[in-house]
Amino acid sequence: MAFSLSPERERQVDEILTHYPERRAALLPVLWLCQRQNGWISPEVVNYVAERLGLSTAIIKGVVTFYTMFFDEPVGENVVWVCRTLSCDLRGGKAIQDHLEKRLGCTAGRTSSDGKFTLLKAECLAACGQAPMVQINDYYYENLDLELLDRIIDAHADKGGEAAAAELSTFARFGTPRRNDRLAQASAPPPPTEEAVRVASQPPPAAEASNAGGDES
Amino acid sequence: MSEPIKPLLTSRYGVKESWKLANAESAGAYATARQALTTRKPEELKEEVKKANIRGRGGAGFPAGVKWGFLNPQAGEQIYLVINADESEPGTFKDRSIMDLDPHRLVEGAIISCYAIGAPVAYIYVRGELAFSLKRLEQAIAEARQAGYLGERPFGVDLGHPIEIYVHSGAGAYICGEETALLNSLEGRRGEPRLKPPFPAVKGVFGMPTIVNNVETIASVPDIIEMGGDAWSLLSRLPGDGGVRIYGVSGHVKNPGLFEAPVGITMRELIDDYAGGMLGDRPLKAVIPGGSSTPVLDPRRKVHAPAEDHPLHKWHGMSEIDVPMGVDTYRALGTMLGTCCAIVMDDSVNMVEACRNLMRFYKHESCGQCTPCREGTGWLVDVLNNLVHGRGKTEDVDLLVNISNNMMGNTICAFADGTAMPMLGMVQKFREEFMEAAVNGVPDGVRHDDSVRGMVEGAA
Ligand SMILES: Cc1cc2nc3c(=O)[nH]c(=O)nc-3n(C[C@H](O)[C@H](O)[C@H](O)COP(=O)(O)O)c2cc1C
Ligand code: FES
């Protein structure tokens with residue numbers, strides 16, 4: 001069946017086209033819109049984009065295959081990227097992957113049998129100071145331990161549970177909580193709130209450093 | 001011990017909902033841009049940036065003021081500003097904090113920079129994974145536009161050209177951080193680097209003169225203009241390498257994270273004073289100073305600079321980690337400052353394994369245009385796999401060196417050098433460990449997360 005974007009997304013394409021002097025420059029943004037709607041870049045999507053931007057399908061396929069985030073085959077409802085580059089591996093990235101493989105019942109590169117999760121290995125995701133971490137769909141989950149990871153996976157496994165999971169996600173923080181402190185509070189949920197950003201633009205005074213010194217403080 | 005400084009770049013990180021215009025503005029945002037656009041000439045602003053001696057924060061450390069000076073548009077050419085927010089160098093996580101916690105600083109920096117260099121359009125190229133940062137930036141830009149800080153007449157001033165900022169999302173490719181690959185990606189192509197020259201300042205995006213700068217470089221511009229280039233430069237402890245910057249620390253330290261400090265603190269200060277010292281008080285074995293492409297430092301090694309005119313003479317006989325962190329000092333030390341985000345490793349780490357981890361990254365990310373890089377990265381991984389799995393020979397250690405030497409300087413872009421240099425550094429500094437692996441392999445169960453594994457698993 002032919003693919004087409006929703007009217008709202010079509011309007012976004014029109015807007016995107018005004019950002020560039022050349023139509024072709026809209027290719028990545030338009031592919032993103034399509035993937036968000038369709039889940040992956042199917043042959044029908046390629047045809048649609050070719051038509052919309054006036055490009056050959058060969059050019060589009062060449063671009064799609066260059067970038068790891070464009071899927072040229074269907075994926076699970078959730079895509080889990082586990083970072084295995086050095087900073088994460090130094091803080092337990094392998095243990096995180098091992099646990100995910102056990103928990104989801106599939107090895108990295110595959111989709112769980114219920115179709116809910118595709119597990120993929122990622123290269124450094126710019127969260128190294130909050131290692132170990134995983135990205136699930138658009139969300140970053142950092143400073144992980146297995147218990148927190150289980151809660152996150154539970155939330156994502158629920159249909160419509162993404163919002164609940166997102167509560168556990170993080171954005172860049174400045175001065176991260178010290179690992180043992182966070183573990184000590186593992187039972188006390190949740191997430192560092194957005195307001196509670198600790199600014200560590202200077203070395204923490206000795207007293208503070210020995211206490212919490214985290215963004216919960 | 002480090003003198004605490006008044007935060008500049010990160011001064012709004014702690015402000016409640018700092019990403020909203022009203023909050024950022026009551027904490028000082030856009031005052032400098034307004035003043036610059038209404039009262040100062042582009043030439044003056046460029047001069048301040050030159051005086052600031054700001055070395056590019058994206059890794060290569062090129063002086064931003066000098067780069068801006070390369071612009072010489074021909075009749076009919078439009079200048080573009082492209083902000084590199086690809087942040088993919090392993091170990092690096094600083095630009096993301098600016099976009100998430102103070103996006104208006106980047107927008108303000110972009111407005112001033114566009115005015116200074118005469119660019120009507122700036123693109124911010126954000127790596128695709130950072131969907132959250134992308135959204136924050138888009139919101140910030142929309143707010144700034146609504147407030148009249150962007151558009152036809154920014155701050156109500158007729159500049160002779162509009163200023164528009166657009167965010168462009170990548171889609172997962174480290175190489176798109178390389179500036180010419182980024183430009184290709186922005187144009188809707190595969191992210192393959194272009195031959196230089198022509199440099200982007202002459203022929204960049206859409207064939208037009210283009211300035212490519214890192215997020216942190218552009219985010220520093222408002223402070224430079226507010227304080228004046230000379231004063232800002234003097235915040236640094238080093239000559240010719242001005243200002244303050246955001247340092248990152250990951251790996252085996254008690255308090256990993258980001259810290260703002262003057263240019264020129266030492267690695268020892270960064271680890272001990274800022275990052276809280278080594279996790280579990282274990283010994284420091286090695287530190288990769290500024291992203292994975294920068295050759296490793298070994299704290300056991302002493303600086304050898306007996307000649308008085310050697311740039312590192314002052315630190316002769318001291319440990320490598322006691323040399324101030326600057327673009328030129330680190331180059332003299334045989335490494336690079338890179339992105340200034342350090343990866344710290346304690347004595348539980350096997351360096352052959354650590355090296356294999358990084359070389360796998362490069363193999364995965366090579367764009368494949370140039371044979372020495374495409375094949376070389378694969379061979380390095382093959383040899384390292386053999387070493388780790390006990391299938392190696394002692395000659396393999398020199399083979400690693402040989403492959404690396406054949407990659408250096410033989411490719412279109414600096415990716416291959418960024419692979420070969422750290423590889424060579426590893427073998428040079430930890431040769432015994434590679435030789436040991438060649439004989440015995442790396443025993444099963446040697447994991448570089450040994451010292452933290454209990455923490456990850458403990459709670460479950
Ligand atoms: C393989 C490779 C990857 C790079 N990745 C980045 C990156 O992620 N972010 C960045 O700002 N610069 C990156 N650079 C450096 C850019 O090419 C360019 O020098 C920089 O964006 C210029 O900005 P600056 O002068 O403000 O540092 C990379 C360079 C190479 C060779
Ligand atoms: S190494 Fe995992 S986020 Fe950088």
Side-chain angles (χ1 to χ4, degrees), chain A residues 19 21-22 24-29 31-32 62-63 66-70 85-87 89-96 123-132 135 138-140 144-147 150 171-176 178-180 183 186 194-195 197-203 209 213, chain B residues 2 4-5 7 10 13-14 16 87-88 90-93 96-97 100-101 128-129 131-132 166 169 171-174 186-191 206 248-252 254-260 273-274 276 292 343 345 354 357-358 361 364-365 447-449 452-453 455-460:
Chain A
H19 297 180
E22 295 174 5
R24 179 171 178 163
L27 179 51
L28 265 65
L31 285 169
W32 269 120
V63 167
F66 187 85
Y67 297 95
T68 48
M69 296 187 79
F70 291 136
T85 312
L86 188 57
S87 299
D89 259 25
L90 292 172
R91 304 282 300 206
K94 179 159 194 316
I96 298 292
E123 301 295 353
C124 180
L125 290 169
C128 326
Q130 295 88 248
Q135 176 177 14
D138 279 352
Y139 298 98
Y140 273 40
L144 292 177
D145 54 50
L146 302 189
E147 186 262 351
D150 275 333
F171 56 90
R173 280 172 297 157
F174 200 56
T176 46
R178 286 168 57 188
R179 167 122 224 127
N180 289 326
L183 274 185
E194 296 192 328
E195 289 80 64
V197 177
R198 186 174 82 97
V199 178
S201 59
Q202 50 197 58
Chain B
S2 314
I5 60 157
T10 59
Y13 280 21
K16 192 171 156 136
E87 187 147 81
S88 313
T92 307
F93 55 104
R96 182 180 156 221
S97 73
D100 287 6
L101 296 178
E129 292 86 346
F132 185 89
Y166 302 116
S169 171
Y174 165 65
L186 188 51
E187 292 179 7
R189 299 168 205 282
R190 294 162 67 90
F206 309 121
V249 188
S250 64
H252 294 152
K254 291 194 178 117
N255 186 25
L258 296 166
F259 310 96
E260 181 174 355
D273 299 346
Y274 288 84
S292 60
I343 306 173
M345 291 175 271
N357 180 297
L358 291 178
F361 167 84
H364 183 259
E365 298 295 332
R447 296 178 303 227
H448 36 245
D449 65 351
V452 300
R453 206 171 172 94
M455 294 183 190
V456 178
E457 291 174 340

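Atom set for the values below is all heavy atoms of this structure, side chains included, hydrogens, waters and symmetry mates excluded.
- Phe93(B) approaches Ala127(A) most closely through the heavy-atom pair CB-N, 3.9 Å.
- Between Arg96(B) atom CZ and Leu125(A) atom CG the span is 9.0 Å, to the nearest 0.5 Å.
- Between atom CD of residue Glu129(B) and atom CE of residue Met69(A) there is a gap of 4.5 Å, rounded to the nearest 0.5 Å.
- For the residue pair Gly91(B) and Cys124(A), the shortest heavy atom distance occurs at N-SG, 3.6 Å.
- In terms of heavy-atom proximity, Ala95(A) sits nearest to Val456(B) at CB-CG1, 4.3 Å.
- Between the NE2 atom in His19(A) and the CG atom in Leu186(B) there is a gap of 12.0 Å [rounded to 0.5 Å].
- Residues Trp32(A) and Gly128(B) share a closest heavy-atom pair of CZ2-CA, 4.2 Å.
- If you tally non-hydrogen atom pairs under 4.5 Å between each of Ile96(A), Leu27(A), Thr85(A) and chain B, the highest count goes to Thr85(A).
- Using a 4.5 Å cut-off between heavy atoms, Ser169(B) touches chain A through backbone and side chain atoms alike.
- One distance of note links CG of Asp89(A) with CD1 of Ile343(B); it measures 11.0 Å at 0.5 Å rounding.
- With a threshold of 4.5 angstrom between heavy atoms, Tyr166(B) approaches chain A through side-chain atoms but not through N, CA, C or O.
- Taking Ser250(B), Ala171(B), Gly188(B) one by one and counting their heavy-atom pairs under 4.5 Å with chain A, the maximum is reached by Ala171(B).
- Proximity to chain B (any heavy atom under 4.5 Å) is restricted, for Tyr140(A), to the side chain, taken from C-beta onward.
- With a threshold of 4.5 angstrom between heavy atoms, Glu123(A) approaches chain B through its backbone and through its side chain.
- Interface check for chain A: of the options Arg190(B), Glu365(B), Glu187(B), Glu87(B), the most heavy-atom pairs under 4.5 Å are formed by Arg190(B).
- The minimum heavy-atom distance between Met345(B) and Leu86(A), with the atom names listed, is SD-CD2, 4.2 Å.
- Residues passing the side chain to side chain contact (heavy atoms under 4.5 Å, CB included) test with Ser292(B) are Glu89(B), Pro90(B), Leu358(B), Tyr362(B), sequence neighbours excluded.
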